[in-house]
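Right, one structure below, let's go through it.
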Number of protein chains: 2
Amino acid sequence: MDKIDSKLLRLLQQDASRTNAELAEVVGLSPSSCLRRIRRLHETGVIDRIVAVLNPTKAGRTMKAIITVELERHGEQYIRRFLDMAEKEPAVIQAYSVSGETDAILMLRLKDMDELDALTERLFREETNVARYYTAFVIRTGKETTEIPV
Amino acid sequence: MDKIDSKLLRLLQQDASRTNAELAEVVGLSPSSCLRRIRRLHETGVIDRIVAVLNPTKAGRTMKAIITVELERHGEQYIRRFLDMAEKEPAVIQAYSVSGETDAILMLRLKDMDELDALTERLFREETNVARYYTAFVIRTGKETTEIPV
DNA sequence: ACTTTCGTGCAATAAAATTGCAAATGACCG
DNA sequence: CGGTCATTTGCAATTTTATTGCACGAAAGT
């Protein structure tokens, strides 16, 4: 992982649709060397995968919400059980157990209020061990990236 | 946006490194038709971009934290100002203004505690109009996807 | 100084994307 | 229904891109 690898990672995190020849030129390497480096980054698992990022609005998912959850019983197995349940929801795009007052934080991508209503009904029913939850609606997205500084 | 387009979007959100020929076969189309559909999805902006997703651990960013922020003065311009400042931080990968008690929520990807220390120093100094903030460390990631249901 | 290891560039080859064109499909209207 | 227009499709040719073998060169260890 030298300077060239870092540069490649930065470039690929921004736009992975570039051709190998382009990348090679930018980092100042021959296409073959460049390709071999990228392949190695895949093989060693530094690059997890290549994905298409959709425009949420154009894909019909306009609402975003963040829910912080406090459980009744806080044991490890209870938190795990709650997360397992949350993960199954397609609208849940991020689910974390966290330190501090709250036990879990969920990030949702929703079509409309009805979808949120149905989801909260499933996740926060009586039997689900949830003591309290706070729903915050995203008003403005200042930044949203998958990019990790390297 | 018919059934085939949706299927393509699902496939591309999971793995955009597949060849056009593979995709074409999965959705039951000729390579040329398939390619034209994908290009159209790009042109219409449904597909925003193609990116490489890194393994955070292998890229040297092991810590994740979520900070909820309450501002002193809540006006639109103050929130905007705070978000603008937060966005500039490379460790901040998501920054939202939200409804409810808290004004903003930040998602951080960190190397170590020192980085967090330095960042909080910059964002939550006296002059930054922040009344209170709560830092929750991510203990376990149940789910983390860029995939939007289509 | 010698060997080993690793990364590099070049050139040939294989694979994939892209395009033009004619046929097929399907929605709309008299 | 029958006809027209717009759109989408598949095929085949072409272009572009990825991939591989190989020999050379730099750096590290002995």
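Residue numbers begin at 1 in each chain, while the letters A, B, ... track the order of the sequences.
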Heavy atoms, side chains only, cut-off 4.5 Å: are [X] and [Y] in contact?
| X | Y | result |
| --- | --- | --- |
| A/Leu54 | B/Ile47 | yes |
| B/Lys64 | B/Glu144 | yes |
| A/Thr120 | A/Asp117 | yes |
| A/Arg140 | B/Arg80 | yes |
| B/Leu123 | B/Leu106 | yes |

The side chain to side chain contact (heavy atoms under 4.5 Å, CB included) partners of B/Asp112 (sequence neighbours excluded) come to B/Asp114, B/Glu115

Check the distance between [N]'s [atom2] and [X]'s [atom1] and give it to me in whole angstrom.
| X | N | atom1 | atom2 | result |
| --- | --- | --- | --- | --- |
| B/Glu25 | C/dA16 | CD | P | 12 Å |
| A/Asp5 | C/dT8 | CG | C1' | 14 Å |
| B/Arg18 | C/dA15 | CZ | P | 20 Å |

Can you confirm whether [X] is buried at [atom1], in the sense that more than 12 heavy atoms of other residues, nucleotides or ligands lie under 6.0 Å from that atom?
| X | atom1 | result |
| --- | --- | --- |
| A/Glu25 | CD | no |
| B/Gln77 | CD | yes |
| A/Glu127 | CD | yes |

Double-helix bend of the helix from C/dA1-D/dT30 to C/dG30-D/dC1, axes at both ends from 5 pairs, round to 10°, gives 40°

Electrostatic pair A/Lys58-B/Asp48, nearest N-O below 4.0 angstrom: no

Output yes when B/Glu87 and A/Lys143 qualify as a salt bridge under the 4.0 Å nitrogen-oxygen rule, no when they do not. no

Considering only heavy atoms, which members of residues 42-51 of chain A lie under 4.0 Å from some atom of DNA chain D? none

Less than 4.0 angstrom between a side-chain N/O of A/Ser30 and OP1 or OP2 of C/dT8, yes or no?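 Checking A/Ser30 against C/dT8: no side-chain N or O falls below 4.0 Å of OP1 or OP2.
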
All pairs passing ring-ring contact (aromatic ring centres under 6.0 Å, His included) where residues 104-126 of chain A contributes a residue, at least two apart: A/Phe124-A/Tyr133

Give me, pair by pair, the N or O atoms of the protein and of nucleotides 18-27 of chain C that are less than 3.5 Å apart, along with how far apart they are.
from, atom 1, to, atom 2, distance (Å)
C/dT19, OP2, B/Arg39, NH1, 2.7

Span of DNA chain D in contact with chain A (heavy atoms, under 4.0 Å): D/dT17 to D/dG21

In sequence, state the C-alpha distance, the side-chain angles, and the governing distance for A/Glu147 and B/Arg49, and then conclude on salt bridge (Lys or Arg N to Asp or Glu O under 4.0 Å). CA-CA 13 Å; A/Glu147 211 172 324; B/Arg49 57 200 207 284; over 6 Å; no

